Student: 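Handing you this structure, nothing more for now.
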2 protein chains.
Amino acid sequence: MSLRYALIALLTGRPMTGYDISKSFSRSVAHVWHAPDSQIYPELNRMERDGLLASVEVPWGKRATKKEYHVTDAGLADFRAWMESPLVPQRPRDPAYLKAAYFEFADPAAVREQLREQQEYWEEHLAMLERTRATLVDRSHPTLAARIAELTERDAELAVRFKIYAYDGLIARARTELAWIEDGLALVEELHGS
Amino acid sequence: MSLRYALIALLTGRPMTGYDISKSFSRSVAHVWHAPDSQIYPELNRMERDGLLASVEVPWGKRATKKEYHVTDAGLADFRAWMESPLVPQRPRDPAYLKAAYFEFADPAAVREQLREQQEYWEEHLAMLERTRATLVDRSHPTLAARIAELTERDAELAVRFKIYAYDGLIARARTELAWIEDGLALVEELHGS
DNA sequence: ACACCCATGTAATGGGTTACATGATTGC
DNA sequence: GCAATCATGTAACCCATTACATGGGTGT
């Protein structure tokens, strides 16, 4: 259900085509809610059918057109209602922790290997989050820049600060994962020697 | 796919019925991989069909019987193979972060309310994790105790240490969430006043 | 002419959630 | 006798993943 709201959230910034959305996604909302094209296009259609979005055909090249979606009043109302509805805690479901709890079943070398891969992934992910955060702070992030262009300085301040806040959470989480992975490497060293 | 491995992991400790599993789940593996009964029973059947588990009928009361599952050699081999296979990073999909990034669309009072609810949830969750961790350290955790009863002290040590390691990760994560939530409350205070 | 991007999906499958359904046993 | 617990699921639905499919536009 959250995909809907991720899409509305993105479209409140500016009207976009499905293609724009699938591209912006990877650079903004996807950091909190990933979705592939094959899920985005059908969902946009359903949302239009449900009256949350409306679209206008805009020309593309000489003969072709593309559909530009914008959020309707009903869509915005729905989004606000969701924003204010209580948040149901997510069920834990994380293969990394499941594996870690049973590392004694794996070869120590394989464990080390996996931990290093995880470390590499989280380091890159963290770097990406920090780069993105910087573009929020200086307001150069394209999706954010388009969003705040229409807003008063007061409203822009709110929009920017909350986005930075979300990234701060993601960054803290990435650092926590990295610290845990390092502890894992130390633990394997202690238990199985070098 | 990980549900399979969560089930095998649990059954390597001792043979169990579906009912035992669904109960143990809530006190152990469910902290890393939640699953409801309605998913567990059919999955056990499929796993038996696939040769990963085998079952024996044990009497229950005068006339009834129950099925006790144990892991087959093929099941254990499959589990080890999974344990050593590379871990694919999870796609981010967290409604809490999605909402936080767009808090400017919600009423400040509603935001505060949600943050407080989240805070309460995570505090309870953290306390539960810490209690569970303590029962791993003193080896009084029933699922763990049954598991290590058959093992040499060396193997028991490995099993215990890795389980503690997994819980340390969960605890660190819970603390990180709590710190982020507190920052959120402070931010709302700053931006919207008291 | 060709590569690469823009644009928009469908189909099959799998996994998870929610609600419902049923009956036996044990302990008081 | 009755409640709580033990035991085992089915059905409908939704959401997500993976693989595939297709065609126009732009720049060299």
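What you see is a predicted model; the values in this text were computed from it and never measured. Chain identifiers are assigned alphabetically (A, B, ...) following the order of the sequence lines, protein sequences preceding nucleic acid strands; residue numbering begins at 1 within each chain.
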Student: So, B:E120 and B:R116, do they make that salt bridge, N to O below 4.0 Å?
Tutor: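 Between B:R116 and B:E120 there is no salt bridge, as every charged N stays at least 4.0 Å from the carboxylate O atoms.
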Student: Strictly by side-chain hydrogen bond (donor to acceptor under 3.5 Å, both in side chains), give each pair with a member in residues 132-150 of chain B just once, sequence neighbours left out.
Tutor: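 Residue pairs with at least one partner in residues 132-150 of chain B: B:T12-B:R147, B:R133-B:D168, B:D138-B:S140, B:R139-B:E153.
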Student: If you compare every side-chain N and O of B:Y19 against the phosphate oxygens of D:dC6 (OP1, OP2), does one of them come in below 4.0 Å?
Tutor: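 Yes, such a contact exists.
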Student: Test of understanding: clusters of I, L, V, M, F, W, Y form through side-chain heavy atoms closer than 4.5 Å, transitively. Do B:L187 and A:L87 belong to the same one?
Tutor: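 No; tracing contacts between hydrophobic side chains, which count when under 4.5 Å, never links both residues.
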Student: Any protein N or O atoms within reach of nucleotides 21-28 of chain D? Criterion: under 3.5 Å, listing atom names and distances.
Tutor:
from	atom 1	to	atom 2	distance (Å)
D:dG25	OP2	A:R63	NH2	3.4

Student: Inspect the contact between A:E130 and A:R175 and indicate whether a charged nitrogen and a carboxylate oxygen are less than 4.0 angstrom apart.
Tutor: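 Looking at A:R175 and A:E130, the cut-off is met.
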Student: What pairs meet the side-chain hydrogen bond (donor to acceptor under 3.5 Å, both in side chains) rule with one or both residues in residues 51-67 of chain B, with sequence neighbours excluded?
Tutor: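 Every pair satisfying side-chain hydrogen bond (donor to acceptor under 3.5 Å, both in side chains) with a residue in residues 51-67 of chain B: B:E48-B:S55, B:E48-B:K67, B:E57-B:T65.
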Student: Does A:R173 pair with B:E177 as a salt bridge, N-O distance under 4.0 Å?
Tutor: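 Yes, A:R173 and B:E177 are salt-bridged.
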Student: If you link I, L, V, M, F, W and Y whenever their side-chain heavy atoms are under 4.5 Å apart, who else ends up in the same group as B:V56?
Tutor: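 Grouped by the 4.5 Å side-chain rule, B:V58 form the rest of the cluster around B:V56.
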Student: For DNA chain C, which residues of residues 35-53 of chain B approach it to below 4.0 angstrom with any heavy atom?
Tutor: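 Nucleic-acid contacts, sorted: B:P36, B:S38, B:Q39.
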Student: Applying a 4.0 Å non-hydrogen cut-off, can you work out what B:K67 is touching in the nucleic acid: base, sugar-phosphate, or nothing?
Tutor: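 Sugar-phosphate contact only.
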Student: Under a 4.0 Å heavy-atom cut-off, which of residues 77-100 of chain A touch DNA chain D?
Tutor: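 Within residues 77-100 of chain A, no residue comes under 4.0 Å of DNA chain D.
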